[in-house]
Number of protein chains: 2
Amino acid sequence: MSDESPPRGDKSATKSRILAAAITLFADQGVAGTGVRAIAAAADVHPSLIIHYFGTKDGLRVACDKHVAAFVREHKQQVMRAGRIDPAELRDLSDGPPLLRYLARALADGSPHTAALVDEMVKDAVDYLAEGVASGLIRPTDYPYERAALLAIWSLGALALHEHVQRLLGVDLTNLDGGAAVESAYGQMASELLGKGIFRT
Amino acid sequence: MSDESPPRGDKSATKSRILAAAITLFADQGVAGTGVRAIAAAADVHPSLIIHYFGTKDGLRVACDKHVAAFVREHKQQVMRAGRIDPAELRDLSDGPPLLRYLARALADGSPHTAALVDEMVKDAVDYLAEGVASGLIRPTDYPYERAALLAIWSLGALALHEHVQRLLGVDLTNLDGGAAVESAYGQMASELLGKGIFRT
DNA sequence: ACCCAGACTAAACGAACGTTCGATTAATGT
DNA sequence: ACATTAATCGAACGTTCGTTTAGTCTGGGT
């Protein structure tokens, strides 16, 4: 019980408090299922202040999209591998709003900015896989784009179904602590499947 | 322009008309984003009739869940492989409400009955894969349950992200016509990845 | 012929919704 | 000290929400 009452008159701090509250609630209950009053209460501000800053509820949604997209853009590779985010950045992730849970919902909901984000991730994956092929680690393919796309879909799809992944395999892909996901049942099984394949040679 | 005006006094027909409209709208806009009035208008009935039949909006949601679950339970294997539903059943799928789109949203939203459904699919996949192992087609593994679970997650995750799958690979997993998905870029790439693996031997 | 169960409608309720408007407060420049 | 600006609140707007209540209409049993 230290700084419970937010300081008044600090615009950017209030704005990010609203943003954090919105991301949390949107991630939990969906955009349509969350009212501005609930967000305002969580951010400890008056509802009309949200409109004053973001114009409209959808403006706030867009701001949340952009905020999460900015984070993801800096960690594309790690997010797509659903783990192994370096500990320094990880503190920001556990302390702040649940960015990955928000992303998971945005992926399924088809929010405006998410498609572009996914496309970027696929493009990066193409390059990343091409490097692996060049260094002889990764098997070449006739369809490098399609392979990258499918790997991205599988990774992000697992993130979107993180609730089921947790129930079935015991890993919370949205709350990775120190690369736990890679050593988990999820990571080990993914290695086995992608490593040796599934069909008998 | 044949039977535009629905017959009055046919309880079960009206009920399924409401159910179909609800599944369509829920799949398109989400449960929270769809009002009972919109459903009533789509089903061409009065809003209060929905309450009369299903008690509450959430009761209608549960009825939709059950209806979709019943369909999926009869086609578990095909749904998980996201294709190859036999043409007879397929007509019901294209004519009726978008059951797979509803399922995709329910998977990500975590609706009540979906978890049990996924668990059943995984259990079936365990058996199915065990048969493959017994017949020598499929490589054995030390963790058969985890393998089945991950394959299910990948399949259903791709379904949940069907919008991105369509944009990236040109396949609509929710609107499969005659096993097109298996021969598509999605199906071929999945075969390649699961067949030979990704790492160079 | 009557009646009655039930399919269905009409109108309204209170609550919650997103948003607007005007006032109040506190910091800032002069 | 004063004017200005912006941050923030308080109260209300009109709309839509899910639901309720009371009713009308109709087909089938007796």
Side-chain angles (χ1 to χ4, degrees), chain A residues 3-67 105 109 111-112, chain B residues 3-67 102 105-106 109 111-112:
Chain A
D3 51 345
E4 289 296 35
S5 55
R8 185 194 168 96
D10 190 341
K11 165 162 172 166
S12 70
T14 307
K15 249 185 132 167
S16 31
R17 219 172 54 246
I18 294 175
L19 219 50
I23 290 175
T24 303
L25 290 179
F26 284 165
D28 278 357
Q29 321 170 341
V31 177
T34 306
V36 294
R37 283 168 175 83
I39 299 171
D44 207 10
V45 295
H46 199 273
S48 57
L49 193 61
I50 295 181
I51 303 297
H52 177 239
Y53 278 144
F54 299 96
T56 160
K57 181 190 179 181
D58 199 70
L60 175 59
R61 221 272 314 282
V62 171
C64 290
D65 280 351
K66 285 184 178 169
H67 188 258
R105 204 173 268 269
D109 279 7
S111 85
Chain B
D3 50 345
E4 288 298 33
S5 55
R8 188 195 167 95
D10 190 341
K11 165 163 172 165
S12 71
T14 306
K15 248 185 133 168
S16 30
R17 220 172 53 247
I18 295 175
L19 219 50
I23 289 174
T24 303
L25 291 178
F26 284 165
D28 279 357
Q29 321 171 341
V31 176
T34 307
V36 294
R37 282 167 175 84
I39 299 170
D44 208 9
V45 295
H46 200 273
S48 54
L49 192 61
I50 294 181
I51 303 295
H52 177 238
Y53 278 146
F54 299 95
T56 158
K57 182 190 178 182
D58 199 70
L60 174 61
R61 221 272 316 281
V62 170
C64 290
D65 280 351
K66 285 185 178 168
H67 188 259
Y102 183 95
R105 204 173 267 270
D109 279 7
S111 85

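Numbers restart at 1 for each chain; the letters A, B, ... are given by sequence-line order, proteins then strands.
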What is the distance, rounded to the nearest whole Å, between atom [atom1] of [X] and atom [atom2] of [N]?
X       : N      : atom1 : atom2 : result
B:Phe54 : D:dG18 : CZ    : P     : 15 Å
B:His52 : D:dA22 : NE2   : C1'   : 13 Å
A:Ile50 : C:dC17 : CD1   : C1'   : 13 Å
B:Leu25 : D:dG18 : CG    : C1'   : 16 Å
B:Gln29 : D:dC17 : CD    : P     : 10 Å
B:Leu49 : C:dA7  : CG    : P     : 9 Å
B:His46 : D:dT19 : NE2   : P     : 15 Å
B:Lys57 : D:dC17 : NZ    : P     : 9 Å

Within the structure, does a side-chain N or O atom of [X] lie under 4.0 Å from either OP1 or OP2 of [N]?
X       : N      : answer
B:Ser48 : D:dT21 : no
B:Thr14 : C:dC8  : yes
B:Tyr53 : C:dG6  : no

Testing C:dA11, D:dT20, C:dT20 for proximity to the side chain of B:Ile51, the answer is D:dT20
Quick check for you: among C:dC8, D:dA7, D:dT19, whose closest atom lies nearest to any side-chain atom of B:Arg37? D:dT19
Side chains of [X] and [Y] in contact at under 4.5 Å (non-hydrogen atoms):
X       : Y        : answer
B:Asp65 : B:Tyr102 : yes
A:Ile51 : A:Leu60  : no
B:Lys15 : B:Phe54  : yes
B:Lys57 : B:Val31  : yes

For A:Ser12, answer base if it contacts any base atom (sugar-phosphate contacts may also be present), sugar-phosphate if it contacts only those atoms, and nothing otherwise; contact means non-hydrogen atoms under 4.0 Å. nothing
dist A:Ile18:CD1 -> A:Leu49:CG (nearest 0.5 Å) comes out at 4.5 Å
